[in-house]
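Report on the structure given below.
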Amino acid sequence: MKNVAKYTRGYFLPPETPERPLGKWMKRDHIEKAPLWCSVDLRDGNQALVVPMSLEEKVAFFKLLCKIGFKEIEVGFPASSETEYNFLRTLIEQDLIPDDVTIQVLTQSREHIIRKTFDSLKGCKRAVVHLYNSTSRVQREQVFRKSKEEIIDIALYGARQFLEYAKDFAGELQFEYSPESFTGTEPEFALEICNAVLGVWKPTPEHKAIINLPVTVQLSMPHVYANQVEYISENLNCRDSVVLSIHPHNDRGCAVADTEMALLAGAERVEGTLFGNGERTGNVDIITLAMNLYSQGIDPGLDFSDLPSITSLYEEVTGMKVGERQPYSGALVFAAFSGSHQDAIAKGIKWREEKGGGIWNVPYLPIDPSDVGREYQTDVIRINSLSGKGGIGYLLERNYGYDLPPKMREDVGYTVKSVSDHLHKELAPDEVVEIFRSRYINYFTPLDVVEAHFSQVGGLSTVITVQNGEERHIFKAAGNGRLDAISNALKANLGLDYELVSYKEHALQTGSNAQAIAYVAIRYGDGKISWGAGTHEDIMSASVNALVSAINRREL
């Protein structure tokens, strides 16, 4: 691309500490416990919508977040508009905030905004009040045109105002400070301004302050952000009195990586949104983060066991759409179209059932889809022209009880894939089973054995009535068994040249009205194999139907 020279790596600022090796967090290979979660869907997420949510929609979303299990929810910037203010008042006055949930509000370091923010909180039992001002080099130079000292003064003014207004607040308060645009701020300066704010607030281990380090704009590779977070974590004053929080955005597509590495580097709290909705490319997706922990055997403390319902309400109130490949949530994230993938999944699930469960380790499925409310029947094995015999056979067996012989699965697989290829579409399970039923089971055109009678006199023999197109015949023959006798009658009288090469039967249902199904393969003199299936309450009749179906399918 021709304009590459206008960009530089110097835009982000790693810590300058040559006396100390960076990246101690790199020696940690896993996160040991879930962080504190704070949803910012109703603030960051809402302000990023083309059409912001109405009051009713925000209330519905708030209730969803509570149901999921969020204990901290940023509900807005109440001083920014009457809509934001009224939403917070609605939550308080209608007593919609559960006792174990803390709401969070955002404010700039300006006296009239801070005053209105505290006014909006009257009657609230517990809240986090979040102060921020931008600290990056480019913001200082281009937007504010202020020195570092002047930027610190802005933060300290707000910090002192918090203490003044908190004196008259009846509920519990926790203070939070964010050096906005942290990733573009010199780490030493970010540390200086955070320590200055903490010096005003004087938090204690019993009453901690929150220091939040936002990836306001993603500027670097994730390990650089982790080093910045580690530097702050190890050098903050009164570290035992601080909850170190992060707030990653996704400009470089690395928000999840930023977050997970930052947690290794000392962060304890994460601010994010469902599905990553937020400004520009979005905030970090808390669903992905939580489910990543879950897949490693760590309880995230959030309930995403019904992701389809969560997705539906989210799309309804925000007007946004969840991408089909969105991790864990998308419509296709568990779908397997590839034949080899389908075969491995089917065998893995069968192996798991044989072993009685245990640790999840099914090929191609990082988690059990049913844990997030997805269905094997419709979400996992998906059938198109690239599918294989294993997946199609698995679908027919698991959904409909048809346990086809391995070689028949291959034959049916080619038939189903051909239909998908010609229609140029994915086939739903009911379409797949209809293809199987209409083309393999009780296929009585042009030949049909209408009636059969057997006799044991002088060996097993049969008399059968055959409908062959418009003609009806009665044939006789003997054999080693009933099916063999009928087969011999058909071959002798219709000039057929084949041998029976495969036979399998099983019950389709249980109980007195159970149907049986039989599968038959015959091989003709030219080597071609034809498969058929037959169903009937009587297993012998089912076997005859399967044989007739195989004969009729010779020309298909």
Side-chain angles (χ1 to χ4, degrees), residues 1 4 6-15 22-31 34-41 44-45 48 134-139 178-187 190 211-233 244-296 298 300 320 322-330 333 366:
M1 295 174 66
V4 68
K6 70 162 52 166
Y7 301 102
T8 175
R9 286 176 296 178
Y11 190 33
F12 63 85
L13 302 159
L22 292 175
K24 295 178 182 178
W25 60 270
M26 294 181 185
K27 297 178 181 178
R28 306 180 186 115
D29 60 5
H30 66 280
I31 299 168
L36 301 172
W37 303 108
C38 178
S39 162
V40 294
D41 290 271
D44 257 33
S134 195
T135 59
S136 70
R137 178 186 292 170
V138 295
Q139 291 266 12
S178 288
E180 192 204 0
S181 59
F182 166 75
T183 47
T185 303
E186 304 90 333
I211 292 294
N212 185 56
L213 306 178
V215 185
T216 307
V217 179
Q218 206 166 52
L219 304 176
S220 68
M221 294 176 68
H223 73 285
V224 175
Y225 177 58
N227 286 338
Q228 293 169 327
V229 170
E230 183 178 77
Y231 172 77
I232 299 295
S233 178
L244 191 61
S245 177
I246 55 176
H247 181 115
H249 282 248
N250 198 40
D251 302 270
R252 290 169 55 96
C254 300
V256 169
D258 274 351
T259 303
E260 292 184 335
M261 290 185 183
L263 290 172
L264 293 177
E268 304 157 283
R269 180 178 183 267
V270 174
E271 296 185 347
T273 61
L274 300 186
F275 309 104
N277 177 45
E279 293 174 298
R280 303 182 309 279
T281 55
N283 288 44
V284 69
D285 178 12
I286 286 183
I287 296 175
T288 299
L289 291 171
M291 293 309 303
N292 283 356
L293 290 173
Y294 180 81
S295 71
Q296 300 289 305
I298 299 171
M320 301 287 287
V322 174
E324 292 182 333
R325 302 293 182 187
Q326 178 86 6
Y328 300 105
S329 311
V333 296

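What you see is a predicted model; the values in this text were computed from it and never measured.
- Here CG of D258 is found 11.5 Å from NE2 of H249. Values are rounded to the nearest 0.5 Å.
- The side-chain contact (heavy atoms from CB on, under 4.5 Å) with H247 is formed by just one residue from the set L213, T259, T216, N283; it is N283.
- For the residue pair A265 and S233, the shortest heavy atom distance occurs at O-CB, 4.0 Å.
- The closest side-chain heavy-atom distance from V333 to Y328 is not below 4.5 Å.
- The minimum heavy-atom distance between S178 and N212, with the atom names listed, is OG-ND2, 2.9 Å.
- Closest approach of V270 to L289, counting heavy atoms only: CG1-CD1, 3.9 Å.
- A heavy-atom distance below 4.5 Å is not found between the side chains of T281 and Q218.
- Between the CD atom of Q228 and the CD1 atom of I246 there is a distance of 12.0 Å, given to the nearest 0.5 Å.
- Here N227 contributes atom CG and M26 contributes atom CE; the two are 5.0 Å apart, rounded to the nearest 0.5 Å.
- By the 4.5 Å heavy-atom criterion applied to side chains, I232 and F182 are counted as neighbours.
- When atom types are taken as modelled, the side chain of N250 and the backbone of A255 share a donor-acceptor pair closer than 3.5 angstrom.
- In terms of heavy atoms, P187 sits closest to Y231 at O-CE2, 3.5 Å.
- Panel note: side chain Q326, backbone F275; a donor-acceptor pair is recorded below 3.5 Å.
- The main-chain N or O of E180 is found under 3.5 Å from a side-chain atom of T135 such that the two form a donor-acceptor pair.
- At least one side-chain heavy atom of L293 sits less than 4.5 Å from a side-chain heavy atom of I31.
- L263 has its side chain within reach of P35: a pair of non-hydrogen atoms, C-beta onward, lies under 4.5 Å apart.
- In this structure, C38 and I286 approach most closely via the heavy-atom pair O-CD1, 3.9 Å.
- Of the possible donor and acceptor atoms, none in the side chain of T273 sits under 3.5 Å from a partner among the backbone N and O of G45.
- The CE atom of M261 lies 13.5 Å from the CZ atom of R28; values are rounded to the nearest 0.5 Å.
- Considering only heavy atoms from C-beta on, Q296 stays 4.5 Å or farther from H30 through its side chain.
- When every heavy atom of N277 is checked against every heavy atom of A48, the shortest pair comes out as OD1-CB, 4.5 Å.
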